[in-house]
Enquirer: 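Just passing along the structure, written as structure tokens.
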Amino acid sequence: VTSLLIVGAVITIGAGVALGLARAHRLRRQSSKHSQLLDRRERSTAAQEARRSTELGHVEESAQPMPAPTRQEVAAAASSEPEQRSEPPQDWGLSGQADEPSPPARAPVSPEQEVVEVAPLIAPVQEPRSEPSDELPQVDEAAPHAQAPVSPGQEVVEVAPLSALEQEPRTEPSEELPQVDETAPRARAPVLPEQEVVEVAPLIAPVQEPRTEPSEELPQVDEAAPHAQAPVSPEQEVVESEPQSELEQQPGSEVEERTSDREAGDPSGDIPAEPRPRAPQYRPPSRVAPAPGPPSVAQTADTSSGKPESATAGKRAARVELRILFERGGHHCTVSLLPVRPQGVPEECTLSSATGSVYLVALEEEWYQDVVPENIGSLLRTGFVWMDNSTGQEWILAGREIFVLAKGTTHRGFISCPRLVLGREHVVLCTTSRLPEVERILTEAGCDRWSQWGESDGAPAGWTVLCERDNAGNVRGLVPRNPLPLDGADILDVLRPLPEIEIVLEEGVRIGYNSWLSGEPPTVRIYGDVEGTQTVLIDGHEATRSAQGAYTAPGWDETGVHQVWCGGITSKYSLITGESNLRPWPAHSFGRVTICGPLVRPFTDDDPSDRSDRQVIEIATTNPVLLGAQPGEIFIASPRRDVLGARCITSPSFYPIWALPAQPLHCDKESTRVLLIGDFVVPRTDPVPLGRRNGAPAVEHWWRVILEASQKGLSVTPETSAATGLWNQYKRRARELRRVSR
Amino acid sequence: LNLDRLLLWLSARGQGSWSTFRAGVEEFCNDQTDAMPIESDDEGDRSADADSDLPIYQRARFALQRLGHVEFYTLGAENGWRVVPPTVAFPEDEGEMGFLCGARSPALIDNLHKFGDVDVLSSELEDMPQRIQLKGASQAVVVAHASTLGVQVQKAAPLTLLSVLPRVRDEKTWHRSPMPETPGWLVRRFSVSRRKWVEASSRDAANAHAGLFRFVLKHQRFYYLRWRGGCYRVPVQVGKYAVIGRRLRVLEYNPEKRTLSTAPVFRPPLLIERALVLCSGKLSQMDPVTGRIEYTDVPPNIAHLAAQLLHQEIK
């Protein structure tokens, strides 16, 4: 049998060498053709895919051809350079395995070997290499060896690729499957955590990053995409990565703006962006009619269960919004910049700008705090790019002469938005030079009156804020009433409302992306050409519009899922009770008691939560000795001496029944009593420890203080026969214990 | 500053981070104005690092924690906030009226309204959530109904709270901690005579035998109490009352109006202030004439007990 195994192994290795040589020649021929066409991201994706295929053990036999450059890249990357291979650890790890006569996948491997072996497979992901390699046969040969030792951690990493491959129709010969099964033991070997991270990154990056390849590259991208978990076209990528709520507001213009921003951003993603030659300028959205296509994601945004992915995921340039807050009375305003906080970016960072540095501190999870640069006036006009040099993350604001800000977002005040929307409250910030044109168009849009805030009122130098203020000083936004035709590629178009309809769910207490607290439902509003709106339905019932513009229908505010329909657009919301099982906890601890809100509760070191429902014991300072039903349960409280008037509050570790004076024999018999502070619980007759050990002193103290109080003749409070009878039972139990102790 | 919806939202979530809280304030405190004077530098106790935030967040935070609705940066809520379970806090021993503290929801309030023998009185007050009072024929009636809804009960809440709190000069409750020695810190000392922070240096702080010092670096802010040669990190208000001792009598009590007042710079530490606030269910109000903050409906025994804890004598 051993001989057969050896022969089989030799045949397998020989076949692998032969196939590897053949494939290397093929790759060499194709590499020159394709090597210049793939960017770094594609290479990473392809390398990842090929590595997975290699690990499955059917690279050579795969009936589905892989992109040639991909294989070449993987082969070149997986193989060590001559100098590196000459190093003992790596060389030893690979060749040593190849020399093993037993099946490679089952060969025992030391942890050191595993690290050495896995590393070459991972390295190409980080540093793709394009040069052809003569070592391809060795790589193909080594691959089955290298795939064998994989830890459970690595198995998790590989789940996604495997599932992705399973989604494709498999055309491999069935006889290759046992090879896959042979690789199962790989899931038992350890792998460093760093390796997992390295391996995961290429799978995600190609999907998130914008693609800038020429169109002739798309087929290759699509070919590689299934291996990168999902085939995503560039159009889908744009739509999916934008916040759906924003797309709902302005599907056209918003995407256009963001796309232009993204184009100006770092296309490579992994590499820190180079400084931009100049600050970006606002470009009006294209008015070319879009080609017919599938329904926009925006229209189904509310049907999704989770919050959409942040628009700023990855290394894409992050947005900087504008915010205007008005002081009470509306006499003064503050214009500030509100940078978005992309995922994974630290809470604090210092950004470099053209004029110095900008320090950002997180406002919340997705936003940084407002910043007000000294030269905000010129920054708004010219635009700017801020960059975190350590990560390459950029923040960008396109310069323009007119900004539109809306009320009713997730932030206080007015936040910048793409354009005026019919029926919504806005503030317009424009350069003083464009003020006449702005006022003319606002009049055409149906904004009847407004006030101006100039530089002395808080507006940036050279800018004017337009908003409405009533006689009481309350600031109200400009509300456009008339849709206006667009006038071409001009910044003034942002002041021309479109006659589009938008369902907006405002206010209420939203506790999830699409869910509100029952009893605090959202206000359903329809923005846009309300006059042209035919019918608004909520759960199929015709909705009525209030004077404030809110729509309601029978049952619209009941717990459950609701759907709003208007003009072919739907939006869903759900009302949930949101009850949470809150419990007291020791928030502030002082000795044996804790404070939680207004609650004062007992606390024990062993399990504070277990006793949190029990009340603390408030006792009279004349009766600090607490007795329980079990002999030995005795606790002497120490009333506060440092302050007068404080209550003696304590928490014994047992349930107290009686409160006695500290020294019954020396107390005033007339004024001091035995207090029944617990329920009517008879004394327990369980065996008690004897002698001086195991709690016997506590037992002795327990019966002694009872007998002393009895000897003194203290009366019992309350003065009832039941209380007196219970006290007599305790006295009898105390006498029993005294006899036993003697 | 409308905190009703914020409290409902916090109650539904239970607990969260400071970032989450700020997001909630942004969403639910839809006050465009931001008119609070920047005086929060003296307010920060445990979360001094949050002082760089816009004042409205601190304003909301202090209101909620003084009223006993939410705890911030405490045990069990080290990284943010946690809502106290719904609780009826009775200001007096045998009083038949209690305040609803902690978590609340529309369903809970609806259920409270369903009890025929308990009146649910809601009042809108500035800069705080609705004050909800539960009033029955007796305390036992209110307690019985509250228990059926799973609501916690605390009798004589102000007196009980004050009875378990240590005095501000109780050194056992101070945390011994060295001062920062790295350069770049902006150091100030609290001047008792001038009642404000004055410039100092790290050397002054290191060599001082007694005094309260503030170390600021960017948004970080720490308070150190030098006391008999030792150095302690303490809540700022505890430190102030510790250093002023009885040299300054900053508390005033009006037995007729049952109001306890002090200067804003000498606002009591959080838990003592919570006890004072729970006497009336209302936050302290600034008297525009005297410029002092006033706590209303404070019984004499509570005022004297609070004064003792603050190492003060009432005028």
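Numbers restart at 1 for each chain; the letters A, B, ... are given by sequence-line order, proteins then strands. Below, each value reflects all heavy atoms present in this structure, side chains not excepted, and no hydrogens, waters or symmetry copies.
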Enquirer: Using side chain to side chain contact (heavy atoms under 4.5 Å, CB included), reason through B:Phe62 and B:Gln58 one step at a time and then give a plain yes or no.
Expert: CA-CA 6 Å; B:Phe62 288 128; B:Gln58 297 290 2; 3.6 Å; yes
Enquirer: Looking at B:Val70, B:Thr173, B:Leu165, B:Asn301, which one has more heavy-atom pairs under 4.5 Å with chain A than the rest?
Expert: B:Leu165
Enquirer: Does the A:Arg601 side chain pair with the main chain of A:Pro586, one donor and one acceptor, at a distance under 3.5 Å?
Expert: no
Enquirer: Sort out for me which of B:Asp170, B:Thr87, B:Leu162, B:Val277 touches chain A most, counting heavy-atom pairs under 4.5 Å.
Expert: B:Thr87
Enquirer: Please walk me through it: do B:Phe21 and B:Leu6 pass side chain to side chain contact (heavy atoms under 4.5 Å, CB included)?
Expert: CA-CA 9 Å; B:Phe21 179 77; B:Leu6 177 65; 4.1 Å; yes
Enquirer: Sequence neighbours excluded, which residues qualify as salt bridge (Lys or Arg N to Asp or Glu O under 4.0 Å) partners of B:Arg167?
Expert: none
Enquirer: Count the heavy-atom pairs under 4.5 Å between each of B:Pro106, B:Pro85, B:Gly68 and chain A, then report the option with the highest count.
Expert: B:Pro85
Enquirer: Does a sphere of radius 6.0 Å around CG in B:Asn79 hold more than 12 heavy atoms from other residues, nucleotides or ligands, not counting ones at 6.0 Å or beyond?
Expert: no
Enquirer: Got a donor-acceptor contact below 3.5 angstrom from the A:Thr577 side chain to the A:Ser518 backbone?
Expert: no
Enquirer: Go through A:Cys648, A:Ala587, A:Gly519 and name the one with the most non-hydrogen pairs under 4.5 angstrom from chain B.
Expert: A:Ala587
Enquirer: Among B:Leu309, B:Leu271, B:Ile109, B:Leu278, which residue forms the greatest number of heavy-atom pairs with chain A at distances under 4.5 Å?
Expert: B:Leu271
Enquirer: Heavy-atom cut-off 4.5 Å, strictly under: side chain, backbone, both or neither for A:Arg640 against chain B?
Expert: side chain
Enquirer: Where does B:Leu8 contact chain A at under 4.5 Å (heavy atoms): side chain, backbone, both or neither?
Expert: both
Enquirer: Which atoms of B:Ala275 are under 4.5 Å from chain A, going by heavy atoms: the side chain, the backbone, both sets, or neither?
Expert: neither
Enquirer: Counting heavy-atom pairs closer than 4.5 Å to chain B, which one of A:Glu520, A:Arg510, A:Glu347, A:His588 comes out on top?
Expert: A:His588
Enquirer: Any sub-3.5 Å donor-acceptor pair from A:Arg323's side-chain atoms to A:Arg412's backbone N or O?
Expert: yes
